[in-house]
Amino acid sequence: MATQHFSSALPVPAVSPAYPMAKPGYGKRSAPDQQARTRDDFCLLPTRERYLAGFVDHLPDGAEMSVKQLAKQLPLYGQQAISTALKALSIAGHLRRVRCSVGAGDECRWVFRTFWSRTAHDNEWWNTYLATETATRTAAPTTTPEAPPSPDLAASAEPPAPAPVPHQRTPHQAPTAEPAPPAPPTREAAPSPAYLALARLGRDDHRLALSADDCTTLEPLATQWLDRGVTTDYLTNALTAGLPTQVDSPIGLLRRRLIDKLPPQLPATASTPTDTPTPTRRLLVECTDCGRPGPPEALPDGLCRPCHTAHSASDQPSPDPTQIAAVKTHMANLRTLLKPV
């Protein structure tokens with residue numbers, strides 16, 4: 001059970017307005033179920049941990065939470081002391097470091113977050129929360145919307161209003177006919193896949209060089225192939241396979257092959273769903289001491305097994321002062337007995 005420290009804590013340093021924010025997908029995230037901020041927050045923690053916890057608690061979401069950056073903002077402690085204090089805060093139930101995969105396929109990447117809670121929670125609460133979809137959505141990076149321009153900048157960007165000009169008399173002029181607006185330029189329709197497949201035949205094999213009119217003539221026949229479910233590669237291979245050494249009429253040869261080799265019309269079958277369900281993203285908790293990832297239930301107190309064992313071994317209770325005095329007395333008696341008579 002934690003003992004309350006009655007010594008006055010160091011004043012919480014003010015957060016610099018220029019404190020750096022982490023990249024999207026990184027930095028601090030506030031956990032839910034937190035009590036309102038009071039002056040007695042973190043009163044059960046030692047002085048150093050209470051000092052760091054008060055500073056982190058006032059940081060906005062998305063602030064950088066690296067040890068190097070925290071030590072830069074807190075001149076009283078170095079990076080080693082900050083790392084040890086963060087480990088203590090993790091054991092006390094105030095923070096968890098996590099990583100989450102973002103993206104799909106070959107573009108998958110990892111983002112890192114530090115979940116912070118002003119109210120200390122036990123391992124069961126953290127495991128339950130980190131296993132929920134809410135924590136996953138919170139850890140996923142979000143694009144920050146662009147801030148609307150300030151009224152001052154918008155006003156300065158607008159051109160100044162023209163100065164009023166006094167009305168002057170002008171001689172009456174006959175109205176002239178307004179010129180007709182220019183006709184919008186006509187855009188040519190994009191060629192169809194069948195037209196493009198026929199046009200590429202001559203570039204792949206000079207024996208099948210076709211003119212633009214030839215491609216337009218054969219386009220309806222090639223479209224029938226594509227309508228039956230074949231690809232343009234299949235169409236090209238069927239038209240170029242087994243060509244004679246010399247082709248006198250490319251359009252005649254291709255017309256005959258498009259008609260004679262027309263693939264069959266397959267009956268419509270129930271299409272199997274091609275879209276596989278998106279794998280459920282699960283957060284991996286990182287060891288606050290060494291950074292080793294793992295599921296939340298495998299890292300109690302935010303520490304992996306070796307770090308947790310080392311921390312438990314280093315937290316042996318200090319000996320009783322009476323025992324220390326008894327040992328000193330016993331050693332003094334032994335020295336007295338060893339003195340020569």
Side-chain angles (χ1 to χ4, degrees), residues 1-5 7 9-10 12-13 15 19-20 22 26-31 33-34 41-59 61-100 110-130 135 139 283-318:
M1 179 177 179
T3 57
Q4 185 172 357
H5 295 264
S7 59
L10 297 174
V12 177
V15 179
Y19 189 88
Y26 303 84
K28 173 190 172 184
R29 284 297 183 190
S30 297
D33 300 341
Q34 298 191 44
D41 292 336
F42 318 114
C43 61
L44 300 178
L45 298 175
T47 303
R48 181 182 59 186
E49 283 72 14
R50 186 160 64 242
Y51 180 73
L52 177 60
F55 179 79
V56 174
D57 188 51
H58 286 77
L59 290 178
D61 280 3
E64 189 172 350
M65 286 289 293
S66 63
V67 174
K68 183 177 181 180
Q69 186 60 41
L70 290 174
K72 184 179 179 181
Q73 297 291 328
L74 302 176
L76 292 180
Y77 302 105
Q79 296 185 24
Q80 185 64 34
I82 294 296
S83 178
T84 305
L86 288 176
K87 180 173 67 174
L89 291 176
S90 177
I91 296 173
H94 290 286
L95 69 86
R96 288 292 187 271
R97 292 188 182 274
V98 301
R99 63 171 63 180
C100 177
W110 289 96
V111 294
F112 302 85
R113 290 286 193 194
T114 300
F115 281 96
W116 172 260
S117 175
R118 186 184 313 110
T119 304
H121 297 289
D122 55 9
N123 293 321
E124 288 74 12
W125 186 94
W126 279 110
N127 295 343
T128 304
Y129 171 67
L130 295 177
L283 297 179
L284 294 178
V285 179
E286 281 192 342
C287 177
T288 311
D289 193 9
C290 66
R292 180 180 300 174
E297 56 273 9
L299 282 83
D301 298 331
L303 298 177
C304 62
R305 188 178 300 274
C307 295
H308 198 278
T309 304
H311 176 77
S312 301
S314 62
D315 285 350
Q316 297 295 336
S318 58

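Heavy-atom minimum distance, P75 versus Q73: CD-O, 3.3 Å. D41 and R50 make their closest contact through O-CD, 4.3 Å (heavy atoms, listed as atom of the first residue, atom of the second, distance). Residues G78 and A71 approach most closely at C-CB, 4.0 Å, considering heavy atoms. Here the closest non-hydrogen pair linking C307 and C290 is SG-SG, 3.7 Å. What you find for I82 and L70 is that their closest heavy atoms are CG2-CB, 3.9 Å. Among all heavy-atom pairs drawn from L284 and P295, the shortest one is CD2-N, 4.2 Å.
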>> side-chain contact (heavy atoms from CB on, under 4.5 Å) for Y51 and L45? Distances and angles first, verdict last.
In response: CA-CA 9 Å; Y51 180 73; L45 298 175; over 6 Å; no

>> Show, in sequence, the C-alpha distance, side-chain angles and deciding distance for D61 and W116, and conclude whether the side-chain contact (heavy atoms from CB on, under 4.5 Å) test is met.
In response: CA-CA 9 Å; D61 280 3; W116 172 260; over 6 Å; no

>> Show, in sequence, the C-alpha distance, side-chain angles and deciding distance for F42 and D57, and conclude whether the side-chain contact (heavy atoms from CB on, under 4.5 Å) test is met.
In response: CA-CA 10 Å; F42 318 114; D57 188 51; 4.1 Å; yes

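Put simply, the side chain of T84 reaches to within 4.5 Å of the side chain of R48, judged on heavy atoms. Residues D33 and W125 meet the side-chain proximity criterion, which asks for heavy atoms closer than 4.5 Å. Counting heavy atoms from C-beta outward, L95 and F115 have side chains that stay 4.5 Å or more apart. The closest side-chain heavy-atom distance from V98 to F112 is not below 4.5 Å.
Applying the side chain to side chain contact (heavy atoms under 4.5 Å, CB included) test to E124 and every residue at least two apart in sequence or in another chain returns D122. A120 is linked by a side chain to side chain contact (heavy atoms under 4.5 Å, CB included) to H94, counting only residues two or more places apart in sequence or in another chain. Taking S117 as the reference, A31, Q34, T119, H121, W126 meet the side chain to side chain contact (heavy atoms under 4.5 Å, CB included) condition, with sequence neighbours excluded. With sequence neighbours left out, the salt bridge (charged side-chain N to carboxylate O under 4.0 Å, His left out) criterion links E49 to no other residue. Under the side-chain hydrogen bond (donor to acceptor under 3.5 Å, both in side chains) criterion, N123 pairs with R96, D301, not counting sequence neighbours. Taking R97 as the reference, T114 meet the side-chain hydrogen bond (donor to acceptor under 3.5 Å, both in side chains) condition, with sequence neighbours excluded.
For S90 (side chain) and L86 (main-chain N/O), no donor-acceptor pair under 3.5 Å exists by modelled atom type. Between the side chain of K28 and the main chain of V56, a donor-acceptor pair closer than 3.5 Å is present. With S83 contributing its side chain and Q79 its backbone, the two residues share no donor-acceptor pair below 3.5 Å.
Taking CG from L74 and CG from L52, the interatomic distance works out to 6.0 Å, rounded to the nearest 0.5 Å. Note that NE2 of H308 is 9.5 Å distant from CG of L299, once rounded to the nearest 0.5 Å.
If you run side chain to side chain donor-acceptor pair (under 3.5 Å) between E286 and each of R292, R113, R99, only R99 comes through.
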